[in-house]
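Reckoned from all heavy atoms, side chains included, excluding hydrogens, waters and symmetry mates. All ligand and atom numbering here is 1-based and tracks the order in the structure. This chain uses plain numbering: 1 for the first residue, then up along the sequence.
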Amino acid sequence: MIISGPCGVESEKQVHEIAGELSKLNVHLLRGGIWKPRSRPDSFQGIGSEGLRWLKAAGIKNNLPVTVEVASPKHVEEALREKIDILWIGARTTVNPFLVQEIADALKGVNVPVMIKNPINPELELWIGAMERIDKAGIQHIAAIHRGFSTYEKTKYRNVPNWQIPIELKRRYPGLPLICDPSHICGTRELISSVSQTALDLNYDGLMIESHSNPDQALSDSQQQLTPSALKDLLANLVVRSAVIEDVIFRNLLEELREKIDSLDEDILNNISKRMEVAREIGKYKKENNITILQVQRWNEILRTRLQFGMDHELTREFILKMYELIHDESILQQTQMMNRKPVDIKQYTIDNEKHS
Ligand code: PEP
Ligand code: MN
């Protein structure tokens, strides 16, 4: 399912023009922000209520259902009055359970599909909580939109995808439709196609991509909106893969490869467990000799040599760093637990250990 349209509805002419162009593409739902949650008060705050009518009329004329963002009970009421087909809750609203509850209360007894964007911060429970509130209000059709997460770190994305969060959501709720919003993840046009492809490869159910007939003149998010013709090219180049494997030979090959992965994973966990065993042993000696757990020089040495080794073996720097930080944290935890054991436990530990080896 492809959702597209401008970040914000700006004028009657603009919304009719883009709707006309999108209706010629494979777009199923026309989006357009009416009330825009902007960081600064001097930027374009959205055209407001009158835009609802323009958007709906452009949708009817071009045979497209329409969707808008709602951030308050008043927005819900106005959007429903203008027969907006689908509502969505934005990232800045999902973070606030009070607001989500007010919206949920306004939706009681109403039959309208609602899409819920992830909260700005990478917190799966908050996202799920918002969907539960809307679900409890009796809304039958709910979808999740993944639009990336805010971070203070400098990255190539406007909002980092943190793919593991939507993947975990999908694992817990396999039936929940999951839509990716590459526009707000990327923040720039160049990255949109590769993020869209990743979403399809992860078996997402749809994409929400911002578009504008003249993106550079757009009153909000001008850097990330595509022209209809760029959107057309992007959609034509996406590869839709199947989640079910029909070819028997390929399925057998995949089975074999998965078995290899299973056995390698077992080796990894066995080795990590052995490594922790040694860490506890070291903890014991550090305690006996009364020295601190953290030895910065040693940690630097580990990082340096493992980075070199890993990168020589085609692993990325970021991956090795993250993995060693986790391993090191766990080693320190295990050593600390060992250090804080009473001497009698340590004696017992040594005996147990000797029994094992
Ligand atoms: C939008 O879709 O234009 C928008 C404001 O999105 P988000 O809530 O993801 O920031
Ligand atoms: Mn936007």
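Glu69 meets the salt bridge (charged side-chain N to carboxylate O under 4.0 Å, His left out) test with no other residue; sequence neighbours excluded. Residues meeting the salt bridge (charged side-chain N to carboxylate O under 4.0 Å, His left out) test with Glu21, sequence neighbours left out: none. Listed by chain and residue number, nothing satisfies the side chain to side chain contact (heavy atoms under 4.5 Å, CB included) test with Leu326 (two or more places apart in sequence, or in another chain).
Neither side chain, Asp221 nor His212, offers a donor N or O lying under 3.5 Å from an acceptor on the other. With hydrogens and angles left out, the side-chain atoms of Gln334 and Glu330 include a donor and acceptor closer than 3.5 Å. Defined by atom type and a distance below 3.5 Å, a donor-acceptor pair is present between the side-chain atoms of Gln101 and Asp105.
Between Glu168 and Arg171 a salt bridge is recorded (basic side-chain N to carboxylate O distance below 4.0 Å).
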Check ligand 1 for close polar pairs with the protein: N or O on both sides, less than 3.5 Å.
unit_1: ligand 1; atom_1: 2 (O); unit_2: Arg31; atom_2: NH1; d: 2.8
unit_1: ligand 1; atom_1: 2 (O); unit_2: Arg31; atom_2: NH2; d: 3.3
unit_1: ligand 1; atom_1: 2 (O); unit_2: Lys117; atom_2: NZ; d: 2.8
unit_1: ligand 1; atom_1: 3 (O); unit_2: Arg31; atom_2: NH2; d: 2.9
unit_1: ligand 1; atom_1: 3 (O); unit_2: Lys36; atom_2: NZ; d: 2.8
unit_1: ligand 1; atom_1: 3 (O); unit_2: His184; atom_2: NE2; d: 3.2
unit_1: ligand 1; atom_1: 3 (O); unit_2: Glu210; atom_2: OE2; d: 3.2
unit_1: ligand 1; atom_1: 6 (O); unit_2: Lys117; atom_2: NZ; d: 2.9
unit_1: ligand 1; atom_1: 8 (O); unit_2: Ala91; atom_2: N; d: 2.8
unit_1: ligand 1; atom_1: 9 (O); unit_2: Lys117; atom_2: NZ; d: 2.8
unit_1: ligand 1; atom_1: 9 (O); unit_2: Arg147; atom_2: NE; d: 2.6
unit_1: ligand 1; atom_1: 10 (O); unit_2: Arg92; atom_2: NH1; d: 3.1
unit_1: ligand 1; atom_1: 10 (O); unit_2: Arg147; atom_2: NH2; d: 2.8

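Asp221 has its closest N, O or S atom to the Mn ion (ligand 2) at the position named OD2. Restricting His184 to its N/O/S atoms, the shortest distance to the Mn ion (ligand 2) is reached by NE2.
The Mn ion (ligand 2) lies at the vertex of an angle of 100° between the SG atom of Cys7 and the OE2 atom of Glu210 (rounded to 10°).
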